[in-house]
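For ligands, and for the atoms within them, numbers begin at 1 and follow the listed sequence.
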Amino acid sequence: MSEEIEKVKCLIIGSGPAGYTAAIYAARANMSPVLYQGMQPGGQLTTTNEVENFPGYPDGVTGPEMMIQLQAQAERFNTDIRDGWVTKVDFSGDVHKVWVNETKEIHADTIIISTGASAKYLGLDSEQHYLKAGGGVSACAICDGFFYRGQETVIVGAGDSACEEAHYLSNICKKVTMLVRRDEFRASKIMAERVKKTPNIEILYNTDTVEVLGENDLVTGVKVKNNKTGEEKVIPCTGFFVAIGHTPNTEIFKDYINLDEAGYIKYAEPGTAKTNVPGVFVSGDAADKTYRQAITAAGTGCMAALEAERYLAAKGH
Ligand code: NDP
């Protein structure tokens, strides 16, 4: 039997920097926010080691540590932070309905979606091993490239993200090898051209990743295979970057919220946190395929909470 329906003023779905920042602002505005953490409490940052580019941490901070601090800050103002996974929504009426763990039903005046996006990985055992060990596999060059300054890195992918990240790495690393699985890029011409013209980026076309190699949990190279000739070789490197796209975590909203062709939530008005459903706002990577930074997620979390507050005020709450 399902539990009694709970009514809340502000429901925040997701617990990355976007969700926690929205919670801090909403709680301080007396909106008594309830935040569901989802399957990966703390979000993508919990898979990052050192965060050195979030203002306010002159000595850097680890991703998990920063998320613990953001959670503590949200709790300090009495955000109700809960374990739980939102499995279904119904945004068809004035009341926004949400179901948690299939059973618990919540009716919320405002919703802030902060469900983020998940980086795609190749799925190789060796890739996952060094990712979990923090030993040289990353899905974010802007976050982690600095740790490989002066070293050799490999990046897989051929879209705009891969090109942007390869170029970013080329300014930091001695050499960047780019693995492109077909004989052409997917990226826009201008981005691909920029990569092709960069002297310390070597592009290997028709090339698949066979295995990430390492010693003592640290990456030492990548075994690759030319999928036309079958030739295999090892590329020495200390960092292996995966830039094959992200999946925004927006599937449960698709019947009500306008998404773009890649699944990212579309803002109803540029420069706001509004979705097409009044009272439902979005922050963070669920709507951002361009920046994807903790600081931009936090910024849009603030925007979403301020707009939720104004929405409630306009309704006389
Ligand atoms: P995309 O989906 O555009 O590209 C993914 C790339 O990864 C493709 O080249 C694809 O290869 C490759 N890939 C996928 N799976 C594998 C695999 N298993 N092994 C090897 N390669 C693989 O993702 P992006 O993140 O690059 O871009 C997403 C969206 O964001 C795009 O619309 C892009 O234009 C936009 N964007 C814009 C930017 C900007 O304008 N500054 C910056 C970054 C992103 P294949 O081509 O063979 O399918």
Task: Criterion side-chain hydrogen bond (donor to acceptor under 3.5 Å, both in side chains) on Ser138 and Asp144, from CA distance to verdict - done: CA-CA 7 Å; Ser138 167; Asp144 299 326; 2.6 Å; yes
Task: Option whose closest heavy atom lies nearest to atom 43 (C) of ligand 1, chosen from Ser161, Cys163, Ala243 - done: Ser161
Open item on the list: Considering non-hydrogen atoms of the protein only, which is the closest contact for atom 23 (O) of ligand 1, and what is the distance?
Closed with: Gly245 CA, 3.7 Å
Open item on the list: My understanding is that only one of Leu179, Val156, Val180 makes a side chain to side chain contact (heavy atoms under 4.5 Å, CB included) with Leu204; could you say which?
Closed with: Leu179
Task: Heavy-atom check, side chain of Val98 versus side chain of Ile111, under 4.5 Å - done: yes
Open item on the list: Give me the residue, atom name and distance of the protein heavy atom closest to atom 11 (O) of ligand 1.
Closed with: Arg181 NE, 3.2 Å
Task: NZ (Lys196) with more than 12 external heavy atoms under 6.0 Å - done: yes
Task: atom 28 (C) of ligand 1 [closest protein heavy-atom partner, distance rounded to 0.1 Å] - done: Arg292 NH2, 4.4 Å
Open item on the list: Counting only nitrogen or oxygen atoms and a 3.5 angstrom limit, does Thr290 reach ligand 1?
Closed with: no
- [ ] Taking only heavy atoms of Val156 into account, list the atoms of ligand 1 that are under 4.0 Å away from them.
- [x] 20 (C)
- [ ] Going by heavy-atom distance to atom 34 (O) of ligand 1, choose the closest among Leu122, Asp160, Leu124, Ile244.
- [x] Asp160
Open item on the list: Tell me the protein heavy atom at minimum distance from atom 39 (C) of ligand 1, and give that distance in Å.
Closed with: Glu164 OE2, 4.1 Å
Open item on the list: Does ligand 1 come near enough to Ala158 that some N or O of the ligand is less than 3.5 Å from an N or O of the residue?
Closed with: yes
Would you mind writing out the side-chain donor-acceptor pairs for residues 278-286 within the sub-3.5 Å range, not counting sequence neighbours?
| residue | atom | partner | partner atom | Å |
| --- | --- | --- | --- | --- |
| Ser283 | OG | Ser114 | OG | 3.1 |
| Asp285 | OD2 | Gln44 | NE2 | 3.3 |

- [ ] Using a strict 4.0 Å cut-off to heavy atoms of Lys289, name the atoms of ligand 1 that fall inside it.
- [x] 29 (C), 30 (O), 44 (C)
Open item on the list: Using 30° and 60° as the class boundaries, would you call the ring planes of Tyr311 and His96 parallel, tilted or perpendicular?
Closed with: tilted
Open item on the list: Nearest non-hydrogen contact with atom 2 (O) of ligand 1 belongs to which option: Arg186, Met191, Glu261?
Closed with: Arg186
- [ ] Quick one: list whatever passes salt bridge (Lys or Arg N to Asp or Glu O under 4.0 Å) with Glu52, sequence neighbours left out.
- [x] none
- [ ] Give yes or no for whether the N/O distance cutoff of 3.5 Å, strictly under, is met between His246 and ligand 1.
- [x] no
TODO: Please report the closest heavy-atom contact between Ser15 and Leu35, naming both atoms and the distance.
DONE: CB-CD2, 3.9 Å
TODO: Please report which non-hydrogen protein atom sits nearest to atom 47 (O) of ligand 1, along with the residue it belongs to and the distance in Å to one decimal place.
DONE: Arg182 NE, 2.7 Å
TODO: Answer with yes or no whether the side chains of Tyr57 and Gln69 bring together a donor and an acceptor at under 3.5 Å.
DONE: yes
